[in-house]
Amino acid sequence: MAKVETIVFLSLVLDLFAFTIPLPLFPRIIEWYTLRESSDPNGFLSRTLQFVTAIRTKLYGRGVQSQRWDIVLLGGLMGSVFSTLQFFVSPRIGSLSDKYGRKRILLITMIGNILSAMIWIQSTSFASYMLSRVVGGLSEGNVQLAIAILSDVTSPATRSKALAHVGIAFAICFCIGPPIGAYFASRPLPKSMNRWGPELNVYAVPAFLTLVLLVAETIFLVVALPETRNKGIPASQEKEKTANGVSHANGTSHTNGTSHANGKTHVNGNGTLKPPVPKRTVEGRLQLLKSLRHTHFLFLALFSGVEFTLTFLTFDLLDWSNTQNGKLIGSIGIVSALLQGGYVRRSMSKVGEGNMAKRGVSACAVALVLLALLPNFVESNPSVGLKLLQAAAVCMAFTSATVVNALTAFASLQCDEGNTDPVTGKPVEEHPQLAKGTALGKFRSSGQLGRAIGPLLACASYWTFGPSLTYGVSAIAMTALSMRMRRIAKTKST
């Protein structure tokens with residue numbers, strides 16, 4: 001099944017490369033639409049900005065707050081739309097993949113992603129650009145289904161290491177996507193191109209690159225990816241591996257043990273039977289999944305806010321360009337990739353999924369404290385301010401490398417394995433709520449709800465109270481979440 005893992009990893013790199021290209025462009029995209037549509041008082045963007053400006057003026061008086069904060073809030077709305085749609089469709093995508101197969105549903109979602117990129121290329125109005133975000137939000141299923149596919153073809157003993165490939169793909173693409181997006185954004189199409197057809201978006205070049213990547217990914221999946229639903233490791237092979245001393249996710253090794261439905265019997269090297277280790281009940285796994293979904297939601301509601309507003313922070317306080325923002329996001333991706341490959345992948349089973357996630361949440365709390373201090377040094381001591389930003393970026397990289405990956409692996413290990421009966425060859429019956437597509441779809445949905453709420457609240461708070469108070473309060477909330485995760489950190493995944 002190593003071949004499938006490689007195929008999934010390569011497809012994720014293509015998909016996430018396309019996803020990360022526009023990340024550093026959001027502030028300038030909104031600014032471009034603002035300048036372009038400001039003369040149309042009845043337009044969608046103008047009406048939205050008029051509403052935002054009117055509230056800002058009543059609260060603070062004319063000219064007190066930076067008008068760039070209006071762009072920050074609008075950016076939060078853009079991020080919220082995409083994730084809100086993901087919240088609604090992720091469970092449906094997961095359940096459909098359980099019924100019709102992973103590959104078929106994945107290819108259908110890729111068609112929607114391609115359509116989204118095509119709309120972006122020709123989006124010369126803010127309304128049409130938002131349409132591309134809506135189509136993309138309804139179609140994005142690659143990450144979710146990649147996790148389900150990797151869970152199909154791996155055993156619980158190797159699950160965490162396999163799912164680390166998802167995090168590594170994210171980290172790699174955050175290294176290369178934003179800088180490349182910023183590079184091509186600085187090289188627009190010649191104006192003569194618009195004379196030969198419909199007018200194109202100012203960032204049509206990175207949009208076209210996104211389209212090419214998505215088309216290449218779709219062709220690659222059609223040719224290379226097999227169907228994995230109900231074609232995982234047979235239970236007989238899993239027993240054989242256990243009998244030969246394969247290490248399980250909790251770090252213990254078993255010799256000549258036989259798995260039973262109600263537990264596992266382990267044998268010492270001298271042949272003495274050890275007491276059976278009871279397997280977590282269905283009710284226990286459902287309850288743990290619920291707890292993991294709540295933690296996933298709370299974490300991403302906080303983290304996505306700081307993640308989304310980071311480029312707006314540098315835009316507002318430092319007047320950074322697309323290239324500078326691209327380098328910042330890229331540096332976070334580089335550090336995250338190094339941590340994924342050199343630490344997280346090797347240490348997850350030893351440290352434990354819950355404990356690894358808790359460490360990442362604590363690192364995020366530190367990052368938020370540093371960002372809260374940053375505005376105080378921008379003008380008085382810029383060098384100190386830059387160091388604070390760099391230190392915060394390193395902490396965020398550690399968070400990106402650990403939390404979501406660890407929680408996802410933890411959730412995956414609670415699902416039914418979906419093996420086939422070695423005698424009849426028929427799929428083993430699963431609990432409806434513990435089938436991988438359904439359970440992981442709901443898990444991802446909870447995170448997407450956090451991603452929908454987080455940017456909107458963070459941008460609104462930034463716009464109302466400023467960055468210092470916004471990041472300071474978020475740091476307190478993240479610290480409280482870290483303390484709340486003590487129970488999960490002590491819970492074994494299997």
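These numbers come from a predicted model, not from an experiment. Positions are given from 1, in the same order as the sequence printed here.
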[X] vs [Y] side-chain heavy atoms within contact, under 4.5 Å:
X      : Y      : value
Leu389 : Leu371 : yes
Lys327 : Gln324 : no
Thr210 : Tyr203 : no
Val306 : Met478 : no
Val143 : Ile147 : yes
Ile111 : Ser139 : no
Gln448 : Phe88  : no
Trp320 : Leu328 : yes

Is there a donor-acceptor pair closer than 3.5 Å between any side-chain N or O of [X] and the backbone N or O of [Y]?
X      : Y      : value
Ser291 : Gln287 : no
Ser83  : Ser80  : no
Glu353 : Ala406 : no
Ser160 : Ala409 : no
Gln340 : Ala401 : yes
Ser116 : Gly112 : no
Lys436 : Asp416 : yes

Sequence neighbours excluded - salt bridge (charged side-chain N to carboxylate O under 4.0 Å, His left out) pairs with any residue from residues 93-116: Asp98-Arg102, Asp98-Arg229, Arg102-Asp152

Minimum heavy-atom separation for [X] to [Y], with atom names?
X      : Y      : answer
Asn142 : Leu106 : CA-CD1, 3.7 Å
Gly136 : Asn113 : O-OD1, 4.0 Å
Gln144 : Ser90  : NE2-O, 2.7 Å
Gly94  : Ser97  : O-OG, 2.7 Å
Ser95  : Thr438 : CA-OG1, 3.7 Å
Ala117 : Leu214 : CB-CD1, 4.1 Å

[atom1]/[X] to [atom2]/[Y] distance, rounded to the nearest 0.5 angstrom?
X      : Y      : atom1 : atom2 : result
Ile7   : Leu221 : CD1   : CG    : 8.5 Å
Leu407 : Thr402 : CG    : OG1   : 9.0 Å
Leu434 : Leu286 : CG    : CG    : 4.5 Å
Phe82  : Phe19  : CZ    : CZ    : 5.0 Å
Leu481 : Phe299 : CG    : CZ    : 8.0 Å
Ile168 : Ser336 : CD1   : OG    : 9.5 Å

Leu16, Thr408, Leu150 screened by side-chain contact (heavy atoms from CB on, under 4.5 Å) with Val166, the one that passes: Leu150

For residues 354-370, please give each side-chain donor-acceptor pair under 3.5 Å, one per line with the distance, not counting sequence neighbours.
from	atom 1	to	atom 2	distance (Å)
Arg359	NH1	Tyr343	OH	2.7
Ser362	OG	Lys358	O	3.1
Ser362	OG	Ser482	OG	2.8

Donor-acceptor side-chain pairing of Tyr33 and Ser123 below 3.5 angstrom: yes

Side chains of Ser461 and Thr470, donor plus acceptor under 3.5 Å: yes

Criterion side chain to side chain contact (heavy atoms under 4.5 Å, CB included) on Thr20 and Ile329, from CA distance to verdict: CA-CA 9 Å; Thr20 55; Ile329 299 175; over 6 Å; no

Glu307: salt bridge (charged side-chain N to carboxylate O under 4.0 Å, His left out) partners, not counting sequence neighbours: Arg451

Residues Ile93, Arg444; criterion side chain to side chain contact (heavy atoms under 4.5 Å, CB included); working and verdict: CA-CA 11 Å; Ile93 289 174; Arg444 179 170 172 78; over 6 Å; no

Stepwise side chain to side chain contact (heavy atoms under 4.5 Å, CB included) check, Ile488 with Phe410: CA-CA 10 Å; Ile488 288 179; Phe410 209 149; 3.9 Å; yes

Aromatic plane relationship, His296 with Phe443 - under 30° parallel, 30 to 60° tilted, over 60° perpendicular: parallel

Within 6.0 Å of OH in Tyr100, more than 12 heavy atoms from elsewhere: no

Stepwise side chain to side chain contact (heavy atoms under 4.5 Å, CB included) check, Ile172 with Phe9: CA-CA 11 Å; Ile172 291 173; Phe9 176 75; 3.8 Å; yes

